[in-house]
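Proteins come first, then strands; the chains are lettered A, B, ... in the order of their sequence lines, and each starts at number 1.
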Amino acid sequence: MKIFKALLHKDFAIEFRMKEVMVVGIAMALLMGTIAAAGIGSAFLSQGTITLIFPTLLWISFLFAASLAIARSFEYEFRNGALIGLLLSGASPQLIYLSKLIVNLLSCSLALIALITIMSVLLNVPVLVILPELILISLLVLVGFVAVAVLLVPMSMGSRLKSMLLPILLLPLMFPLFFAGLELSSAIFEGVALDFTSPWVSLLVGFDVVYVAVGVNLFEHVIRE
Amino acid sequence: MKLPTFLSDPKSLRRFEIGLTGLTLLSGIYALYMVFLVVPNERFMGPVQRIFYFHVGCAVATYCAIGMVFFAALFHFSNRHPFWDILSTAAAEVALVFCSIVMVTGMIWGPSAWNTWFRWEPRLVSFLILLLILLAMVLLRVFGDKDKVENHCAAFGILAAVNIPLVMFSVKILPKAAQLHPEVIQDRGLREPSFVKAMLISMLALILLQFFMVWVRTKIEMLSRKEQSL
């Protein structure tokens with residue numbers, strides 16, 4: 001537990017000092033939100049249609065922004081063999097993975113909050129009434145997204161394509177999560193209350209559990225030679 | 001390169017290769033004979049229905065190849081023998097080929113049944129995702145970190161293989177109205193006995209062809225790595 005706290009402290013310190021994932025995520029989210037809103041605005045769609053396509057735009061913009069931002073999450077561990085030093089210090093790869101997962105979850109949540117805010121303001125879609133349900137769905141999608149991304153980022157770091165490889169690996173695996181998140185958020189935007197017994201909720205929880213379990217077990221093999 | 005014990009005896013390896021080649025060839029010829037000369041034309045769709053025998057067989061062969069990727073990845077992590085990495089590479093590539101054939105044959109069948117090449121139908125989308133995952137796996141092999149690519153591919157293979165049953169499950173959740181893909185076997189659509197026979201034979205032939213292709217690709221990769229180490 002002591003080691004885990006130290007790892008969390010280290011990851012939070014890096015993130016708050018460098019602010020790379022957070023700043024890139026928020027900036028990309030704002031940009032994507034504005035571009036999407038400008039595109040929709042120029043199409044002169046009715047407010048009903050805009051509300052209908054809002055969740056789709058939201059998740060597409062989020063996936064794009066977050067997959068670019070999260071690619072920076074291991075930047076400082078890979079420099080000068082810091083990761084090897086970390087492993088030699090006695091920190092288990094599972095704890096390193098979990099610590100990164102928590103810190104990136106926070107950074108991506110901030111990016112998503114920025115994205116929801118800008119898009120709802122620019123497109124005039126009220127989100128405050130459905131905020132608790134939207135937060136719950138977003139959290140379920142985010143856990144799965146970050147669990148896979150933290151496992152895949154070290155794979156893309158050493159590749160010839162660098163961070164360009166990350167979206168290629170990440171997005172196909174994200175499709176079921178994206179689809180489930182989209183189905184649930186579309187329903188709540190249409191005014192239907194979130195049904196916790198819905199198979200989509202089970203699917204999201206199932207994916208989260210599987211992705212975190214696979215990530216915890218495989219992370220060691222991904223970072224070691 | 002040393003092969004695992006069960007494949008290290010040259011005599012039994014030779015027997016395995018001859019047996020696999022012979023079975024693939026015989027079953028392939030028999031399947032072609034059944035599909036094109038024995039099976040009658042389907043009443044509503046006509047000759048285009050014959051693509052069904054290749055389409056279903058290739059889908060099953062894709063699942064077999066992904067299963068091989070999964071087990072090869074597990075064996076790779078358990079004993080780190082290079083053979084498992086090579087087998088996983090070969091199976092991923094062959095899975096990509098068969099998955100592409102499934103998509104293409106489906107698209108050839110599509111215009112005659114649905115009057116369109118592709119529909120956003122859950123089964124079709126799930127196979128499209130599968131194709132993209134397999135493509136990502138092959139790209140990871142090509143562009144990945146040279147020092148750790150074996151581990152990365154094995155980890156990605158496990159992640160992809162675990163993902164597939166979940167994707168298939170997610171398809172079932174969607175409302176029945178959204179599902180246009182025919183459920184021929186579940187709905188007992190194959191009433192003529194020769195249809196069933198042709199389907200089983202073509203499925204067997206394509207599964208054997210998949211094993212044969214994986215083995216050939218494995219041998220090519222083994223020779224290529226041997227050459228690189230000289």
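- More than 12 heavy atoms of other residues, nucleotides or ligands lie within 6.0 Å of OH in A/Tyr76, so this atom counts as buried by the packing criterion.
- Among the candidates B/Asp147, B/Val142, B/Leu159, B/Ile158, the residue making the largest number of heavy-atom pairs closer than 4.5 Å to chain A is B/Leu159.
- For chain B, the nearby parts of A/Leu173 are the backbone and the side chain; heavy atoms of each come within less than 4.5 Å.
- Put simply, of B/Leu135, B/Leu139, B/Leu132, the one with the most heavy-atom pairs under 4.5 Å next to chain A is B/Leu132.
- Expressed to the nearest 0.5 Å, how far CZ of B/Phe143 lies from CG of A/Leu161 amounts to 5.0 Å.
- Nearest approach of B/Ala155 to A/Met155, heavy atoms of both residues: CB-CE, 3.8 Å.
- B/Lys146 NZ to A/Arg160 CZ: the interatomic distance, rounded to the nearest 0.5 Å, is 5.0 Å.
- The number of heavy-atom neighbours closer than 6.0 Å to CZ of A/Phe78, taken from other residues, nucleotides and ligands shown, is above 12.
- Between A/Pro172 and the options B/Leu131, B/Leu130, B/Ile133, a side chain to side chain contact (heavy atoms under 4.5 Å, CB included) holds for only B/Ile133.
- Contact of A/Phe219 with chain B is not made at all, since no heavy-atom distance falls under 4.5 Å.
- For the pair A/Val222/B/Asn151, no side-chain contact is recorded, criterion being any heavy-atom separation below 4.5 Å from C-beta on.
- Around atom CG of A/Leu45, more than 12 heavy atoms belonging to other residues, nucleotides or ligands sit under 6.0 Å away.
- The distance from the CD atom of B/Glu150 to the NE2 atom of A/His221 is 14.0 Å, given to the nearest 0.5 Å.
- Under a cut-off of 6.0 angstrom, the local environment of CD in A/Gln47 is crowded, with over 12 non-hydrogen atoms contributed by other residues, nucleotides or ligands.
- Separating the CG atom in A/Leu152 from the CZ atom in B/Phe156 is a distance of 6.5 Å, to the nearest 0.5 Å.
- The closest side-chain heavy-atom distance from B/Asn163 to A/Phe175 is not below 4.5 Å.
- Here the straight-line distance linking atom CE of B/Met137 with atom CD1 of A/Ile168 works out to 14.5 Å at 0.5 Å rounding.
- Distance check, rounded to the nearest 0.5 Å: CD1 of B/Ile129 to CG of A/Leu171 gives 11.5 Å.
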